[in-house]
Amino acid sequence: MTEHDPAEIDPDSRDFWDGVTRGRLVVSRCRACGHQLFPPIASCVNCGSRDLEPLEVSGDGEIYSWATVHVALSDAFADEVPYTVVVVELSGGGRLFGRLLEDEPVTPVAGATVRFETYWVDGRWLPGFRLASIAGTETAI
Amino acid sequence: MTDQRLERDPSFLGKAAIVSTGYTTLTKQSGTTVLNLATEACGNALAMAGVEAAEIDGIVSYSLFDDSVACQAVATAMAIPQLTYALDMNMGGVAPALCVMHAAMAVASGVARNVLVFRALNGRSGVRIGQTAFKAPTTQYRYPVGLTAYPQYMALLARRYMVETGATEEDLAAVVVAQSEYAAENERAIRRRRVTPDEYHEARYVVEPFRTLDCTSEVDGACAVLVTSVERARTLADAPVVIEGAAWVTGRGSGLDIADLLSWPDYSRICQHYLSERLWKGAGLGPGDMDVAEVYDCFSAMALLGIEGLGLAERGGAGELVRSGETALHGRIPINTHGGLLFEGYLHGMNTLAEGVQQLQGIAGSRQVSGAGKCVVSSGAMGDGSALVLVRDGA
């Protein structure tokens, strides 16, 4: 059973989660090749270098894919359905999962621009995204 | 292909064969232990081949979330005197074809002579994959925001596939409807009924684009096959099924655990796309040579990605292939003739593989593809996975 608590926070991910609690998005950048990566593991998935640094980014990005959950598969999320999780291609590189934060249900489209925004649930801040414009929804087509 | 056998690349290809399959009944509540399921399925495979347990010297198996029993335990329970080869893989549904590949390598190299490959689990009444938390470094990025289980991960792949290829929910429906036709003829299937297009569209969403009918059904049960040398196989079976092609790949960025998609570059393509060149080259055959295909389908869309990855259809063309009827029993390339994991049940692809063997042995009953001699089988639906090209001896 899973919950909202990111229980597996580790030395590689601490900067990211610290950022989330401040409303900021912190990813990782390779000092050797410049690759911007997420998740922020201790080696570069592009070149294999172990010389990386945390990097605060704008949190702008585009929707790459998404899933709208209608039936919660973990009890902790039963009160939240339906909800949409988006996969966001960050400006500068790296992909991140986040909750799509919209007051009304919308159907995303691929390539829609979003910006990072955290949300509060179950006593903690978590990563989410909000559409930068209504043009990112199917209702605008 | 006999004259080429000394020069095969990889060298183990064409040297080992599957001689038999063994199943337990697939149920929602077995009422017994996983060890008992494993020994029953393995015992049934031995009985079908007429091989004594004492002749077994290798066992290969796989698990997920510690949901199975070790090869050592099965050897003990079956009173096997000595194993010289065993492999317990914590790999889930990406493993079945890889397990048989390992068995074939063990046989071809002489490490073992007779190798059982099995999958056993109480997947419905015991450890349910859909509701069990991974202990992995990447779960912190998906669980808290509500990506908690496989249907949701796979929905992300399905959605991007639809975005890139223009595939629609009608294509998913086509898979479900087509495979239900086979399931209706399959006494093993846990969902044994025909599904109409209307019924499909009336089913509720679990996670868009997947409805309940797009998702496999978790089961309790076990399935096994017996691998030995081609020479020995000819003395045991009327129709030995020769392992002519086998490949496993992890695509670049396949993740930090088997459910991690954060580093996977292209959600519209999965492991079959990346292994197929190696698979077909090794086999000396191509997708057009196949008489039947058993394609991993934990969710309907994954069959489409798998079909295209193996080259059985053009990019974006799998839905039309299925809808056209060409994957049905009398079509050009029957696919998922047991009804797939969607209908037969979620034995994590071991049953997908065993169905291919049964087809080539001509024992698939009312689902039998007439004259089936060559079959491709795939295992896995994310960044890493495996596949086999199986050929009935002499076909």
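So that the names make sense, note that chain A is the first sequence line, chain B the second, and so on, each numbered from 1. Predicted, not measured: the structure shown is a model, and the values here were computed from it.
- Between chain B and the residues A:S13, A:G98, A:P127, the largest count of heavy-atom pairs under 4.5 Å involves A:S13.
- Both the backbone and the side chain of A:I9 come within contact range of chain B, judged by heavy atoms closer than 4.5 Å.
- Expressed to the nearest 0.5 Å, how far OG1 of B:T132 lies from CG of A:L73 amounts to 11.5 Å.
- Using a distance-only test at 3.5 Å, with no hydrogens or angles considered, a donor-acceptor pair links the side chain of B:R160 to the main chain of A:Y64.
- Heavy atoms closer than 4.5 Å to chain A are found in both the backbone and the side chain of B:T148.
- A 6.0 Å sphere centred on CD of B:E277 holds no more than 12 heavy atoms belonging to other residues, nucleotides or ligands.
- Heavy-atom neighbours of B:R269 CZ from other residues, nucleotides or ligands within 6.0 Å: above the threshold of 12.
- Proximity to chain A involves both the backbone and the side chain of B:V206, based on heavy atoms less than 4.5 angstrom apart.
- Within 6.0 Å of CD on B:E314 lie no more than 12 heavy atoms contributed by other residues, nucleotides or ligands.
- Interatomic distance, B:Q152 CD to A:T68 OG1, rounded to the nearest 0.5 Å: 11.0 Å.
- In this structure, the side chains of B:Q140 and A:F16 stay at 4.5 Å or more apart for every pair of heavy atoms.
- Counted within 6.0 Å of CZ on B:R323, heavy atoms from surrounding residues, nucleotides or ligands total more than 12; the atom is thus considered enclosed.
- Neither the backbone nor the side chain of B:A158 comes within less than 4.5 Å of any heavy atom of chain A.
- Of all non-hydrogen atoms in A:Y119 and B:P144, the two that sit nearest each other are OH-O, 4.0 Å.
- Counting heavy-atom pairs under 4.5 Å between each of B:T139, B:L256, B:L147 and chain A puts B:L147 at the top.
- Between chain A and the options B:R142, B:K135, B:R252, heavy-atom pairs under 4.5 Å are most frequent for B:R252.
- Contact count against chain B (heavy-atom pairs under 4.5 Å) is highest for A:P40 among A:P82, A:P40, A:G111, A:G94.
- The minimum heavy-atom distance between B:S263 and A:V45, with the atom names listed, is OG-CG1, 4.5 Å.
- Here the side chain of A:R95 pairs a donor or acceptor atom with the backbone of B:P265 at under 3.5 angstrom.
- Of the listed residues (A:G128, A:P39, A:A110), the one with the most heavy-atom contacts under 4.5 Å to chain B is A:P39.
- B:Y205 and A:H70 have parallel rings, their planes meeting at less than 30° on a 0 to 90° scale where 60° marks the start of perpendicular.
- Both the backbone and the side chain of A:V69 come within contact range of chain B, with heavy atoms under 4.5 Å apart.
- Judged by distance alone, with hydrogens and angles left aside, the side-chain atoms of A:Y83 form a donor-acceptor pair with the main-chain N or O of B:G146 at under 3.5 Å.
- Annotation for A:A67 and B:V207: closest pair CB-CG2, 3.7 Å, computed over non-hydrogen atoms.
- If you measure heavy-atom distances from A:I41 to chain B, the contacts under 4.5 Å come from the side chain alone.
- Side-chain N or O atoms of A:S65 include none that pairs as donor or acceptor with a backbone N or O of B:R159 at under 3.5 Å.
- By the neighbour-count criterion of 12 heavy atoms within 6.0 Å, atom CZ of B:R278 is sparsely surrounded, having that number or fewer from other residues, nucleotides or ligands.
- Heavy atoms of A:F97 lying under 4.5 Å from chain B belong to its backbone as well as its side chain.
- The structure places OH of B:Y141 at 5.0 Å from CZ of A:F38, a figure rounded to the nearest 0.5 Å.
- Annotation for B:R315: atom CZ counts as buried by contact number, over 12 foreign heavy atoms lying within 6.0 Å.
- Contact detail for A:V71 and B:R204: the closest heavy-atom pair is CG2-NH1, 3.9 Å.
- The local environment of CZ in A:R50 is sparse, with at most 12 non-hydrogen atoms from other residues, nucleotides or ligands closer than 6.0 Å.
- Per-residue heavy-atom pair counts under 4.5 Å with chain B were compared for A:E80, A:R99, A:E89, and the maximum is reached by A:R99.
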